[in-house]
Every structure is written in C-alpha cells, then in structure tokens.
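Structure, as structure tokens:
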2 protein chains.
Amino acid sequence: MVFAESIQKKFPGFETALTEQMELDAKFRQIPAGTELIRPGQFIRSTMLVLDGLVKVYREDGEGNEFFMYYLKPGDGCALSMTCMVGQETSNIAAKTVQDSEIIMVPLEKMDAWMNQYKSWYHFVVKTYRDRFEELLQTLDSVAFRNMDERLEFYLKRHYKTLGSKIIPITHQEIAQELNSSREVISRLLKKMAERGKVKLNRYNIEILDL
Amino acid sequence: MVFAESIQKKFPGFETALTEQMELDAKFRQIPAGTELIRPGQFIRSTMLVLDGLVKVYREDGEGNEFFMYYLKPGDGCALSMTCMVGQETSNIAAKTVQDSEIIMVPLEKMDAWMNQYKSWYHFVVKTYRDRFEELLQTLDSVAFRNMDERLEFYLKRHYKTLGSKIIPITHQEIAQELNSSREVISRLLKKMAERGKVKLNRYNIEILDL
DNA sequence: CTGATACAGTGACTTATATCACTGGTAAAA
DNA sequence: TTTTACCAGTGATATAAGTCACTGTATCAG
C-alpha cells in the first residue's frame, strides 16, 4: 500500500477506503518535465490528479497562440478532464508538465462511481470545480480589465506563489507567449519594473524583489 | 403539484421524485426584468435555476467596469451560486434579470443532499459546471485572442442565439459596457459591419442580417 | 577557437483602441 | 410648446501594444 499512503499524504482529505480503491483502479505515472499531457482537441478518458510536480494548463487557438490559464500543484485535480470528458472538441486546452511530475489517472467511470460511494471524493471534485472556476475568473479579470503591465505583475506574483521561490526561471519569450503578447513588449515592461526596483532581471530568470 | 409540473417541463431530465422534493424545499420567485439577483461580493445561501425568462451573469471590478460572461436561459443553472457558496468575496460577480423571469432558489444544504439522493440532480449539477466552464472559456478566448471587431461579432451572435430573434434591443453604450470598451468604438465598428451588410442599425436596436 | 544559436535590449514605426469634443436627432418630461 | 435627457455619428488626438530591424552577448557544439 505504498501508493495509497503517498496519496493520503498529498490528499489528506481522502478516506482510507478511497485511497485503497484508487490503488486498485487508478494508474500512477511518472512523467518528465516538458511532456504534453493533454493536446488540444484530444478525447479524454480519464481525469488527472497531481501527486507531485507541476502542471501548466493553457489554452491554444488555431494559429499557434497560447494563453496561460493556471497551474496544477500537488493535491490539485484537473476540472477540465472532468468536464471535457464528453469529447466536445470546442475546448482547445493543453496541459504540460513544467517539472518532473507524478500523476494519478482515474478512469472516468470510476470518477463517476466514486461520487456516490466516497463523500471525500465528492467534496474533492466539487472543490476542484470551484477552485478552477475561481482561478479562471481571475485570469479573465486580468485580461478584461488590466493593462499589460498589471497583467505581467499578476503573472509574476502567481508564479512566485506557485513556485514558492523568488527566482522564476523563465524567458521573456515564454512570458510573452503565455500572456499572448510579444517579447519586445515584455522586455520593455520588465525593464520598467526593474527600474522601479520590483524585480531584478537575469539571463534565463527573473528575481522578484518587491511585488 | 402545479409547480412540480412546470419544473418538469423546463427540466425534462429531472425525476418526478426530485421535482416533488423541490416543490417542498425550493422557493419559487417571479422577478421583474432589470432586477439584480446577485450583487458583487454578496454571500450566497442558495443556488438558482432559471425556469423562465433570461438572466445575465457578468463580472464587475472595483471601478465600475463590467464584463459580460454569459446568459442563463430556462433550464439553466448557475454554476457560480454553486461554487461561490463558501463566501469567498474575491469573486465579484453580478447577475441581473434582463427579462421578467421565474427563478427557483434551492438552499445550499438541499443542493448538497440531493447529489446523493437523485441521480438526475447530480447529472444536472455536473452538466451545469461543464456548460458554464465551457462558456467561460469561450469568453476568455475572445478576449485573449480576438480584436474588438471579432469580439463584437461574437457578442452579437451569442445574443442572437440566446434571444432567438434577429432584432437585438440594445444600445451601443450597453454593448460597450459589456465588452469593456467605449461607445464611440462600438459605434464605429457597428457602422463598418453595417456597410458590409452584416447588420442594420436602428435606434435602440440592432438587426442581424448576415453573420 | 569558431561558428551557431538562443536570449535580451532598443529605436522606429504601425495599428488598434481609447478619449475628447462636439454635432444632430428623437422621445419623453415639464 | 419648450426643455431636458439620452442615443448616435464623427473628426482629432493620445496611448498602449504589436511589429520590424538591428545589435550585443552568453552558451554550447564542433
């Protein structure tokens, strides 16, 4: 029951019966950083829980533009793999590991069945929906109401919180992609932030000083 | 059982046992057009189903800007009143009737209890989450990837589909607000669309010709 | 060491959108 | 009727952001 134990560590709310059931029915996968977990338009047959590592969820339109939505940390579940199960290809969502990760894959039938059998699973699913919805709303807010400089700050803060480190290893190009902007714009805005003492710019990473 | 019957008409999936239970535990309210159902930051104690009419759900930031999210039609449920129940005031969401409406209010405890008791309720809630999530993603898409002209088209199409009428009774000012733009911009873009034969502009309303 | 490659900085310019200032028209209120 | 308020149209201008073209500079492969 090594597997069940490590689940319980990251998902403290789960009943023992549930974690044991998961040991039987779910798949446990080790996935290296940079792997695409969900490709846009893909048919999804199982839902995903993050046991360890970090997964980025983002949106892609047809023309190669992408747009950062949120991160999934250990203990998080993917609301999308719960909703998109019907195979509606309208949702062009992509997910990628940004760190080496350990993922639990739960088949959709089980996910459905457990809703009645395990109260903790039900609460987890509802909480997942709620949390993702909330994060999505915050993302929407920042695009709808804020300028690029504010969005950039918001983006960096989010990364800081998620990574728990003041050093954010990311290039200007990558930020530009995730905010659907262009590298030059991001470079210039970052420079302004650096002048105001908010960040320190290094090659390959950005250091948060005061946000 | 007049109430239960009218529920069944708009929510064909619901079991009879459920609709009868709703007759006992839910409140039925007639609400005139233009009424605010949810004020930003408000604490929510019950979830909302739309029996008749039309409800607009939108986002408000602190500075009087608003932003259209989606409509709730008869047969729809409000995912937000399901998620925001915890009373997190971060989500500044507002909902307003745009037509005279009939709303069913389900207390949150019941909504929770019914999940286990009625399979059709469970499916309804999950479907509601899924649908709202999807709509929210589409909205996000249009802000993130599209220019104002495309967003305007998308907005008009959505209204056309929701209202089922080619005549959309709305002012330029109102559109500007919901897209978080300005009246002049909307006027100019509408004019261009009119020149291309896509719409016909009238005072107080816009007629869809070819979208 | 040498080239190749990716990251970053920057000036010049374009474009989309926002803002300001004003006009005229319609409808309802006084 | 006159007045007022709201809707819509439009030119001029400002600003944010995107695009183009170029430079410098680390890092890595050969």
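Here is the naming used below: chain letters follow the sequence lines, and residue numbers restart at 1 for every chain. What you are looking at is a predicted structure, and each value in this text was computed from that prediction instead of being measured.
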Side-chain donor-acceptor pair present, [X], [Y], cut-off under 3.5 Å:
{"X": "Thr139(B)", "Y": "Arg158(B)", "value": "yes"}
{"X": "Glu178(A)", "Y": "Tyr58(A)", "value": "no"}
{"X": "Asp112(B)", "Y": "Tyr122(A)", "value": "yes"}
{"X": "Ser187(B)", "Y": "Glu184(B)", "value": "no"}

field: Stepwise ring-ring contact (aromatic ring centres under 6.0 Å, His included) test for Phe154(A) and His159(A)
entry: CA-CA 9 Å; Phe154(A) 178 66; His159(A) 276 247; over 10 Å; no
query: Is the shortest side-chain N to carboxylate O distance from Lys198(A) to Asp210(A) below 4.0 Å?
result: no
message: Other residues, nucleotides and ligands only: do more than 12 of their heavy atoms fall within 6.0 Å of CZ on Arg146(B)?
response: yes
message: Taking NZ in Lys27(A) as the centre, count heavy atoms belonging to other residues, nucleotides or ligands within less than 6.0 Å. Is the count above 12?
response: no
statement: The first and last nucleotides of DNA chain C lying within contact of chain A, meaning any atom under 4.0 Å from one of its heavy atoms, run from dA6(C) to dA12(C)
task: Tell me whether the guanidinium CZ or amine NZ of Lys157(A) lies under 6.0 angstrom from the six-membered ring centre of Tyr160(A) and within 45° of its axis.
output: no
- prompt: Please give, in whole Å, the distance from dA16(D) C1' to Leu152(A) CG?
  reply: 14 Å
message: Using whole Å, what does the distance between atom P of nucleotide dA16(D) and atom CD1 of Ile186(A) come to?
response: 15 Å
statement: What residues 142-149 of chain A contributes to the DNA chain C interface at heavy-atom separation below 4.0 Å is none
- request: Could you tell me how the ring of Phe14(A) sits relative to the ring of Trp121(A): parallel (under 30°), tilted (30 to 60°) or perpendicular (over 60°)?
  value: tilted
- prompt: With the sugar-phosphate defined as primed atoms, P, OP1 and OP2, and the base as all remaining atoms, what B/S/- string results for nucleotides 6-15 of chain D, 5' to 3', for protein heavy atoms under 4.0 Å?
  reply: BBBBBBB---
